[in-house]
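Reviewing the structure listed below.
None of the values given here were measured: they were computed from a predicted structure. Numbers restart at 1 for each chain; the letters A, B, ... are given by sequence-line order, proteins then strands. Because only heavy atoms are used, hydrogens play no part in the values below, and waters and symmetry mates are left out as well, while side chains stay in.
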Amino acid sequence: MLAKRPKPLLSFPKQQLSNPHFFFSTPTTLHTPLSSLPPRPSINQTKQAHAQIIVSGLASNASFTGHLLASLALSPSTPFAYSLSIFQTIQYPSLFASNNMIRCLAKSESPRESVVLYSCILGRNLIPNNHTYTFLLQACSKALAICEGTQVHTHVVKLGFFEDVFVRNALIHLYSACCRVECSKRVFEENGHCRDVVTWNSMLAGFVRDGRIGDAEKVFDEMPERDVISWSTMIMGYVQNGQLEEGLECFKEMREKGLRPNEAILVTVLSASAQMGLLESGRLVHSIVDSLNFPMTVSLGTALVDMYAKCGCIEQSKLLFHNMPQRDISSWNAMICGLASHGLGKEALALFERFINEGFHPVSVTFIGVLNACSRAGLVSEGRHYFKLMTEKYDIELEMEHYGCMVDLLSRAGFVDEAVELIENMQAPPDPVLWATLLGACKIHGSVELGEKIGNKLIQLDPTYDGHYVQLASIYAKARKWEDVVRIRRLMVEQNTNKVAGWSLIEAQGRVHQFVAGDREHEHSLEIYKMLETIGTRIAEAGYTPRISSVLHDIGEEEKENVVKEHSERLAIAYGMLVTKVGDCIRIMKNLRVCEDCHEASKIISKVFEREIIVRDYSRFHHFKEGKCSCLDYW
DNA sequence: GTAGGGTTAG
């Protein structure tokens with residue numbers, strides 16, 4: 001019987017660089033070893049050193065080139081072609097030189113090529129070492145090369161490098177990068193004694209990447225020591241998974257332990273504060289940035305600009321933006337979007353023009369900001385112009401969100417037919433959100449017939465979502481079609497819809513206070529309701545009359561008035577009046593849109609009590625001051 | 001003589 005031909009250890013796909021001669025093409029005549037290089041030299045320093053040695057006639061040998069490559073691998077900006085050209089000058093590369101070339105490849109744009117070089121190492125009968133595998137697995141992770149990585153794993157075990165903590169950590173990282181977190185876990189659990197802080201961090205990051213926050217928490221709690229990366233991974237894990245409060249809590253715990261945060265942590269915590277609209281929390285991070293003398297990098301500056309804009313302080317946001325030492329496209333996007341959310345449409349458009357004049361190229365998000373700016377300020381012709389510009393001049397693909405902004409802009413401004421036409425002519429099937437936007441406009445314009453058509457269609461598409469019933473019923477209520485209101489409400493009860501509970505948040509006395517409508521859970525509930533009475537009397541004297549069309553219950557008018565009076569927003573305002581100083585601004589965050597009645601009441605409260613009230617709702621900011629709102633009732 | 005883990009914007 002014929003002996004079976006041994007299977008190759010590794011079989012790699014044919015690629016552009018897969019010819020091993022690619023790595024070993026030009027013979028070299030250099031023989032002089034390189035004196036020690038300074039740590040992490042810049043690419044220019046390395047090039048200068050290289051040039052001097054060549055010019056002075058000194059040749060290089062494998063050892064010299066190996067050092068040169070090691071030095072190049074350390075420079076983050078090394079062009080890969082340069083490293084390769086140096087490697088190619090060695091006729092017989094040592095393992096040391098080859099390892100460092102793998103390391104350069106791992107950092108290059110073609111990390112997968114490192115496995116080709118690895119097969120060359122094997123082919124030249126060099127014995128790989130732990131460094132080889134660390135670099136090689138790093139390259140596989142970057143290339144998301146799970147097949148090659150798994151084969152390398154078998155080599156690691158066969159050649160006895162599984163006990164090496166660097167190699168094991170690289171394996172954990174490889175599997176988590178390739179979405180095989182269970183494999184990471186297996187590597188992590190084998191030989192539990194062979195772990196260091198990086199092993200724990202890699203496992204932690206693996207669970208975080210996979211969205212397994214519970215498992216990540218367990219790892220975080222069990223790890224024997226934590227460094228700044230452990231904290232940043234956990235904090236970012238919470239924030240990326242939408243567990244914002246836990247992220248902020250984790251940051252607090254870290255600070256209590258006296259640890260110095262790094263920039264990544266600060267940026268993440270700023271983002272969480274921004275998403276939640278927690279100004280005090282964001283301000284605290286800003287004060288940490290200042291007190292610890294963090295340089296105002298583009299990331300940190302942008303995160304601060306975004307935080308202040310999302311927490312209602314648009315002036316502070318603008319100030320920071322204009323004083324930023326450097327900006328990138330994200331900074332501009334954050335500022336344009338921030339201005340748009342505050343209804344400062346013309347300012348946002350002017351900034352966009354400046355952005356273009358400074359030579360930036362807009363991206364998809366930039367136009368979300370621009371179109372939102374037009375939509376919030378009712379700038380219809382400008383909106384049409386930019387919508388056209390983004391495809392015709394900047395070649396940006398239209399996404400559902402861009403259509404959303406346009407449909408909102410057109411329909412709210414009264415161009416409902418044009419909005420319908422836009423939806424109907426879309427290439428992709430329209431998202432129901434677009435029809436829901438149109439339904440909102442039907443409510444504003446009292447278009448019962450079209451609203452009825454769209455509302456019924458949406459209810460048919462998603463009978464469990466209560467928002468469509470509420471909108472349709474509001475359209476009927478505005479037209480005083482009470483029988484239809486009752487019918488829709490009954491239908492809603494029959495369908496057992498999932499009601500999204502409305503809430504309002506206010507930050508006061510170092511805490512976040514959350515209210516729902518009719519809430520009596522707060523420790524100062526009695527005082528809050530007393531204040532609500534006072535507010536009610538004072539605004540009634542100033543001419544306020546309740547707008548109860550948004551109340552769907554078939555109850556008496558007086559009861560409806562009580563329902564709106566106890567909306568979560570009103571409770572939060574009342575609490576704000578109790579705990580803030582006279583004249584201080586009251587800042588509220590809501591998860592839904594401001595209702596018409598609360599909007600009207602807030603305007604009058606701002607006048608009667610001489611208080612600025614800033615409300616961030618689901619869609620935008622409302623600055624209530626001296627009886628007026630920044631949205632000019634266009635929302 | 002070479003080493004690893006974590007980054008924002010609607």
Side-chain angles (χ1 to χ4, degrees), chain A residues 33-34 36-37 62-64 66-67 69-74 94-104 106 129-138 141 164-174 176-177 184 196-206 208-209 226-237 239-240 261-272 274-275 297-307 309-310 327-338 340-341 363-373 375 399-402 404-405 619-620:
Chain A
L34 180 77
S36 60
L37 281 165
S63 173
F64 156 73
H67 281 285
L69 285 168
S71 153
L72 286 169
L74 282 169
S94 62
L95 182 68
F96 178 64
S98 304
N99 283 350
N100 281 300
M101 189 61 224
I102 292 183
R103 194 178 171 200
C104 290
N129 63 10
N130 44 354
H131 294 283
T132 317
Y133 288 110
T134 309
F135 299 140
L136 186 58
L137 289 166
Q138 212 181 313
S141 305
D164 185 285
V165 73
F166 282 89
V167 176
R168 281 162 57 90
N169 293 349
L171 278 167
I172 295 171
H173 179 70
L174 163 81
S176 85
S184 298
D196 65 6
V197 68
V198 180
T199 321
W200 287 90
N201 283 347
S202 305
M203 195 61 250
L204 180 68
V208 161
R209 195 176 283 132
R226 296 173 189 152
D227 64 8
V228 71
I229 294 183
S230 327
W231 286 95
S232 74
T233 309
M234 196 64 241
I235 294 169
M236 283 175 219
V239 175
Q240 281 162 6
N262 60 16
E263 189 186 293
I265 294 177
L266 296 174
V267 168
T268 305
V269 175
L270 281 170
S271 159
Q275 287 178 61
T297 57
V298 173
S299 310
L300 213 41
T302 305
L304 281 165
V305 165
D306 184 53
M307 182 278 291
K310 289 202 174 120
R327 304 179 195 110
D328 69 4
I329 185 161
S330 312
S331 329
W332 289 85
N333 286 344
M335 193 72 255
I336 292 171
C337 293
S341 73
V363 293
S364 173
V365 179
T366 321
F367 275 101
I368 304 255
V370 167
L371 296 175
N372 257 328
S375 150
E399 291 165 24
M400 209 53 79
E401 288 84 351
H402 299 117
C405 297
S619 162
R620 60 165 295 160

Describe the nucleic acid contact of A:His131 in one word from base, sugar-phosphate, nothing, applying a heavy-atom distance below 4.0 Å.
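If one applies the 4.0 Å heavy-atom cut-off, A:His131 turns out to touch a base.
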So what does A:Arg209 touch, heavy atoms closer than 4.0 Å: a base, only the sugar-phosphate, or nothing?
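It contacts sugar-phosphate atoms only.
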If I take atom CG from residue A:Asp306 and atom SG from residue A:Cys337, how far apart are they, to the nearest 0.5 angstrom?
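Between A:Asp306 CG and A:Cys337 SG, I get 8.5 Å after rounding to 0.5 Å.
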Calculate, to the nearest 0.5 Å, the distance between atoms CD and OG1 belonging to A:Gln240 and A:Thr233 respectively.
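Rounded to the nearest 0.5 Å, the CD-OG1 separation comes out at 9.5 Å.
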What is the distance, rounded to the nearest whole Å, between atom [atom1] of [X] and atom [atom2] of [N]?
X: A:Asn372; N: B:dA9; atom1: CG; atom2: C1'; result: 13 Å
X: A:Arg327; N: B:dA9; atom1: CZ; atom2: P; result: 19 Å
X: A:Glu401; N: B:dA9; atom1: CD; atom2: C1'; result: 14 Å
X: A:Ile336; N: B:dT8; atom1: CD1; atom2: C1'; result: 16 Å
X: A:Glu263; N: B:dT7; atom1: CD; atom2: C1'; result: 8 Å
X: A:Leu266; N: B:dT7; atom1: CG; atom2: C1'; result: 11 Å
X: A:Trp332; N: B:dA9; atom1: CH2; atom2: C1'; result: 15 Å
X: A:Asn100; N: B:dA3; atom1: CG; atom2: P; result: 7 Å

Strictly below 4.0 Å: does A:Ser271 bring a side-chain N or O up to OP1 or OP2 of B:dA9?
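True: A:Ser271 side-chain N/O within range (under 4.0 Å) of B:dA9 OP1/OP2.
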For a quick test of reading the model: is some side-chain N or O of A:Gln240 closer than 4.0 Å to OP1 or OP2 of B:dT8?
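Answer yes for this pair, as a side-chain N or O of A:Gln240 is under 4.0 Å from OP1 or OP2.
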Looking only at the side chains, is there a donor atom on one of A:Gln275 and A:Ser271 sitting less than 3.5 Å from an acceptor on the other?
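Looking only at side-chain atoms, A:Ser271 and A:Gln275 do form a donor-acceptor pair, the distance falling under 3.5 Å.
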With no hydrogens and no angle check, just 3.5 Å: does a side-chain donor-acceptor pair link A:Thr199 and A:Asp196?
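There is such a pair between these side chains.
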Quick one: which of [options] gets closest to the side chain of [X]?
X: A:Asp306; options: B:dT2, B:dT7, B:dA9; answer: B:dA9
X: A:Asp164; options: B:dT8, B:dA9, B:dA3; answer: B:dA3
X: A:Thr302; options: B:dT2, B:dT7, B:dT8; answer: B:dT8
X: A:Phe166; options: B:dA3, B:dA9, B:dT7; answer: B:dA3

Is there side-chain contact between A:Ile229 and A:Val197, with heavy atoms separated by less than 4.5 Å?
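Side chain of A:Ile229 against side chain of A:Val197, heavy atoms only: no contact under 4.5 Å found.
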